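Data first, discussion second: the structure below is written as structure tokens.
Nothing here was measured: the structure is a model prediction, and the numbers come from that model. Numbers restart at 1 for each chain; the letters A, B, ... are given by sequence-line order, proteins then strands. Note that these values count all heavy atoms, side chains included, but never hydrogens, waters or copies made by symmetry.
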There are 2 protein chains.
Amino acid sequence: MLMSQSAEPKQLDIVLDRTSPIPLYHQLAHAIEAAITAGELVPGDRLENELSMTSRLGLARPTARQAIAQLARKGLVVRKRGVGTQVLSRQINRQARLSSLYDDLVASGRSPQTRLLSYEIGEARPEVLSCGADIDPGTNFITIKRLRLADGVPLAIMVNHLPDWLSISEADLADGALYALLRSRGINLRVAHQTVSARLMTAEECRLLSDHQPSACMATQRVVYDDTGRLIEIGRHVYRAPHYSLDVSLVP
Amino acid sequence: MLMSQSAEPKQLDIVLDRTSPIPLYHQLAHAIEAAITAGELVPGDRLENELSMTSRLGLARPTARQAIAQLARKGLVVRKRGVGTQVLSRQINRQARLSSLYDDLVASGRSPQTRLLSYEIGEARPEVLSCGADIDPGTNFITIKRLRLADGVPLAIMVNHLPDWLSISEADLADGALYALLRSRGINLRVAHQTVSARLMTAEECRLLSDHQPSACMATQRVVYDDTGRLIEIGRHVYRAPHYSLDVSLVP
DNA sequence: GAGTGGTCTAGACCACAAC
DNA sequence: TTGTGGTCTAGACCACTCC
């Protein structure tokens with residue numbers, strides 16, 4: 001039912017600004033994506049073909065192809081030789097994001113708080129060196145331990161190790177959103193490797209998370225780099241099980 | 001330390017086969033990737049620049065760009081305007097795969113077994129309809145429940161729902177590798193959405209997994225499509241906590 | 001200023017799908 | 001046979017980085 005052929009491709013009302021510093025292929029991709037998310041194009045609809053689109057918009061074919069290829073990589077459309085380009089179901093379009101728990105809580109309308117439990121600077125600890133990243137042994141790391149609460153309820157214990165050239169101070173951590181802080185410093189988080197496992201809480205975790213009986217928790221470890229390959233963060237987080245689930249989109 | 005500039009870009013010994021049906025940009029990307037994984041290019045090395053590479057190999061620039069852009073998207077190299085293209089650390093190159101537990105066990109040298117607990121065909125159950133995928137209510141689904149063991153030890157309980165047009169029979173499931181089976185039918189698994197959470201086992205899970213005391217488990221739910229947007233599988237799996245961890249690479 | 005990648009053009013020919 | 005996307009060429013100009 002998804003791939004029912006609509007007989008006629010839909011022409012979109014697209015306006016390109018050639019004076020803008022934004023690349024044309026990006027403007028085009030954005031316009032098509034907007035039409036899809038706005039429901040102007042629904043799953044199964046066929047896009048206007050490349051030749052028609054390029055002549056109508058006054059573009060060269062490779063420019064339009066670059067835009068559409070981007071959407072195909074994102075899983076918004078499928079391209080089939082001899083057939084055309086079709087819009088895919090919105091359900092499969094969610095992308096894996098490198099989001100923080102803080103952002104997730106804000107997005108879901110809850111009010112997160114953060115309590116800084118400890119802040120230390122020192123040489124890389126064994127658990128940092130053993131995380132799989134290649135680390136210059138001389139590098140100093142800032143180690144922070146924080147408790148995250150949502151609407152007053154303890155949710156997670158977060159231990160983060162950050163290279164000290166980032167110069168993150170205790171004051172920087174006051175408002176709690178570590179990834180927002182990094183982004184504001186012009187760091188583009190690029191690729192992360194994350195391991196997730198489940199286990200019973202330790203007694204200390206139980207105490208910090210105000211659980212009276214030991215229950216299950218989710219333990220994550222992530223290694224985050226920036227787009228130039230610099231190691232930015234190693235995080236070991238423990239989440240109260242019933243209060244948190246991890247959403248991941250996999251692209252094989 | 002990672003981004004130390006090597007003064008001289010390294011010229012690779014690349015042979016392209018213009019009679020091959022494999023696209024030139026793909027041959028080139030593969031050759032460069034092979035040089036990186038073989039250690040011929042090490043992290044921090046600079047790639048030969050585009051103009052030199054294209055004139056040396058007799059290619060047009062867009063062709064070479066397409067190859068290098070592919071590697072940049074995979075996180076193998078970084079490109080910087082005015083600087084060049086550098087090889088990134090191998091540590092961050094692991095990609096999220098849509099792998100099955102079966103493949104993972106084989107890869108780690110253990111011998112997986114699968115026991116089929118139940119096999120039913122019927123209309124979509126509520127838990128299928130509520131999974132977030134848009135499903136034609138009339139579609140029939142095959143529901144299978146399996147127990148996965150590694151070296152004789154129960155590891156996971158797996159419940160899968162598959163649309164019946166796939167015509168998966170009980171016999172098909174004998175050797176256990178569901179994803180391998182799907183691939184052999186020419187289905188390209190494309191995008192999945194997966195939710196992971198931790199909780200305590202239920203009594204029945206405890207019994208099936210031969211755990212005498214209730215312990216933590218990891219529960220995953222994944223929705224899998226193919227590259228044309230067809231719904232292929234909905235899976236709800238429960239893993240014994242200490243025996244399994246999920247590896248995920250995130251690309252924001 | 002020299003060297004790099006980023007964008008864009010205006011074509012060409014081919015492979016595949018549908019009719 | 002016609003229409004579609006897939007690949008490829010041979011250039012052009014621009015923006016950024018480093019010296």
Separation of atom NZ in Lys80(A) from atom P in dG5(D), rounded to whole Å: 12 Å
Arg18(A) side chain, from C-beta outward: closest of dT17(D), dG6(C), dC8(C): dC8(C)
Can you tell me the distance, in whole Å, between the CD atom of Glu48(B) and the P atom of dG5(C)? 10 Å
Would you check if there is a donor-acceptor pair between the side chains of Glu48(B) and Ser52(B) at a distance under 3.5 Å? yes
Under a 4.0 Å heavy-atom cutoff, the residues of residues 53-72 of chain B touching DNA chain C are Arg61(B), Arg65(B)
Side chains of Lys74(A) and Glu33(A): closer than 4.5 Å at any heavy-atom pair? yes
Can you sort out which residues in residues 21-35 of chain A have a heavy atom within less than 4.0 Å of DNA chain C? Ascending by number, please. Pro23(A), Leu24(A), Tyr25(A)
Nearest-Å distance, CG (Leu16(B)) to C1' (dT7(D))? 14 Å
Does Arg79(B) place a side-chain N or O at less than 4.0 Å from the phosphate oxygens OP1/OP2 of dT4(C)? no
pair Ile144(B)-Leu173(B): side-chain heavy atoms closer than 4.5 Å: yes
Would you check if Arg56(A) and Gln11(A) make a side-chain contact, meaning some heavy-atom pair closer than 4.5 Å? yes
Whole-Å gap separating P (dG5(D)) and CG (Leu47(A)): 8 Å
Without decimals, in angstroms, what is the distance between Leu51(B) CG and dA10(D) P? 13 Å
Whole-Å distance, Glu50(A) CD to dG11(C) C1', equals 15 Å
Just so I know, are the side chains of Asn160(A) and His237(A) near enough to count as touching, which here means a heavy-atom distance under 4.5 Å? yes
Within the pair Thr85(B) and dG5(C), is there a side-chain N or O less than 4.0 Å away from OP1 or OP2? yes
Output the rounded distance in Å from CZ (Arg81(A)) to P (dC16(C)). 5 Å
Side-chain heavy-atom pair His161(B), Glu120(B) within 4.5 angstrom cut-off: no
Pairs of donor and acceptor atoms involving the side chains of residues 163-170 of chain A, under 3.5 Å and at least two apart or interchain, shall be tabulated with distances.
{"unit_1": "Ser169(A)", "atom_1": "OG", "unit_2": "Ala171(A)", "atom_2": "N", "d": "3.3"}
{"unit_1": "Ser169(A)", "atom_1": "OG", "unit_2": "Asp172(A)", "atom_2": "N", "d": "3.2"}
{"unit_1": "Ser169(A)", "atom_1": "OG", "unit_2": "Asp172(A)", "atom_2": "OD2", "d": "3.2"}

Is Thr63(B) close to Leu28(B) at the side-chain level, that is, under 4.5 Å between some pair of heavy atoms? no
So do the side chains of Ile32(A) and Ile14(A) get within less than 4.5 Å of each other, counting heavy atoms only? yes
